[in-house]
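Throughout, numbering of the chain's residues begins at 1 and tracks the sequence. Just follow the structure's listing: the first ligand is 1, and inside any ligand the first atom is 1.
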Amino acid sequence: MIPAPTTAPSRTVLPVAAWAQGPYIYDADGNDYLDGSSGVLNVNVGHGHPKVLQAIEAQLGQLTFVHRTQFRNDPALRLTERLLAIAPATTATVEYSNSGSEANECALRLAFAYQHRRGKPQRTVVLSEEPSYHGMTAGALSITGSPNKRDPSVEPLLGQPSGNRVLVRPKPGRRRATHEEWAQALLGVGPSKVAAIVIEPLGGASSGAAPIDIATMQWLRRETRNNGIVLIADEVMSGFGRTGKWWACDHSSIAPDILTSGKGVTGGYTSLAVTFVADTITAAIAEPLGPIALGHTMSANPLACAAANAVLSVIEDEGLLSNAAQTGGLLAETLTTLCGRYPTLLSDQSGIGLMRALHINADQPADTNKRIIAAAKINGLVLCTAGIGKATNSVLVAPPLNSTLELIDELAERLDKALAAVAGIGADNA
Ligand SMILES: Cc1ncc(COP(=O)(O)O)c(C=O)c1O
């Protein structure tokens, strides 16, 4: 194996990636990097998987584009059938787009249309959480609870502040809101004005793999159903097996009205995102005005759908849900050990399956997670920063779903060296 880099990559000049295979990325100088964050939690079956490459190459030679208003195509038909088989129980149909942001835009349009069509146009408020991240397009950004993503200069894009986007915040020092905090926000707005509640069942870039507790998830499901509010689960990051089950919602045994996902559906081989829509919503929207416009030029294109079919086959054939649960267990133990070894830097670890994070102690400087990421890079390990403040500052650790137990050990070794460097001690003496 090519040795890990020994010199610090510049903070601003990133290494040039030359090629990648399995869980490793190689730069133009021949250094190897273990992909400890699966890209940005999307390269779920690793790089250069032969079965995915084969499927994409075959599709390239056969048919790469037809528009969904002109033709149906086999890869999309097959993918829809397969997605419906693994979808949350409420799902009646799936809508395709190109990115997680677009999948969330689609979810918002559907939620508003649903309320409008059933005679509730006054339901215009959307409740979401801070911390949260839902994407960079205008609608998705308007419900995102990450102040660092909402630069004041882009506020005009998000519409006049009209009180119809409400962020629910946990108590200071906590990572996720409890059902009491959701209840207070809901009462404050008045449930009859609320169109949708959007949640990340397992937080990602904003909270650092912090889950909503099961009681709160179940409370949200019950209250939204009782009050005619659409429950949207954003599983762009946590979906498609990342947590050891198809959906993070499955860990709380709830099915949302709309579930959005992206990233892992094509494993980073091409762009595709999915919005799963419940029968209650499709039924209301079909009548009396007919369906609303949702798609994009490249929605459900045959090439992306062929890649997604191949990735789903890899997940199923290689047993990657149970592998993510098993290796995720070892990763959790490893991260807990590292927290014990570097108590000054780290408070705890969180997450489910192979979507995990190391949390930085609140008394550490705000850029500590960035320093750990930089030190990891020097030690041949790629990770992602997460968090929007003291309670959530963290480092996401999320290797591909086909990671072996040995790979987790190798990741731990590289991470240990990085943490020792940031803590200012030798890893062996830590
Ligand atoms: C939970 C969540 N929602 C939405 C998005 C936006 O997805 P995309 O970058 O594909 O637009 C992301 C991306 O990281 C995400 O993690």
Practice problem: Return the orientation label for the F276 and F240 ring planes: parallel under 30°, perpendicular over 60°, tilted otherwise. | Solution: tilted
Self-check item: Closest protein heavy atom (residue, atom, distance) for atom 3 (N) of ligand 1
Solution: D234 OD2, 2.7 Å
Exercise. Search all heavy atoms of H134 against all heavy atoms of A140 and return the closest pair with its distance.
Key: O-CB, 3.1 Å
Exercise. Using a strict 4.0 Å cut-off to heavy atoms of N104, name the atoms of ligand 1 that fall inside it.
Key: 3 (N), 4 (C)
Quiz prompt | Lys/Arg-Asp/Glu bridge criterion (N-O < 4.0 Å) met for E181, R174 | solution = no
Practice problem: Could you tell me whether some N/O pair between E200 and ligand 1 is separated by less than 3.5 angstrom? | Solution: no
Exercise. Give a yes or no on whether a salt bridge exists between R175 and D348, defined as a side-chain N under 4.0 angstrom from a carboxylate O.
Key: yes
Quiz item: Hey, are the side chains of Q218 and I254 touching, using non-hydrogen atoms and a 4.5 Å cut-off?
Solution: yes
Quiz item: atom 13 (C) of ligand 1: which protein heavy atom is closest, and how many Å away?
Solution: K263 CE, 3.3 Å
Quiz item: Are the charged groups of R414 and D409 less than 4.0 angstrom apart, N to O?
Solution: no
Exercise. Please report the C-alpha distance between R169 and E129 in whole Å, then the side-chain angles of each, then the deciding distance to 0.1 Å, and finally whether the salt bridge (charged side-chain N to carboxylate O under 4.0 Å, His left out) criterion is met.
Key: CA-CA 6 Å; R169 296 185 175 89; E129 200 175 346; over 6 Å; no
Quiz item: Between T137 and ligand 1, which part of the residue brings a heavy atom under 4.0 Å of the ligand: side chain, backbone, both or neither?
Solution: neither
Quiz item: Can you find an N or O of S101 that's nearer than 3.5 Å to an N or O of ligand 1?
Solution: yes
Quiz item: Of the backbone atoms (N, CA, C, O) and the side-chain heavy atoms from C-beta on, which set of M136 has a member under 4.0 Å from an atom of ligand 1: side chain, backbone, both, or neither?
Solution: neither
Quiz item: Purely on distance, is any nitrogen or oxygen of G100 under 3.5 Å from one on ligand 1?
Solution: yes
Self-check item: Closest approach of any protein heavy atom to atom 2 (C) of ligand 1, naming residue and atom
Solution: Y133 O, 3.3 Å
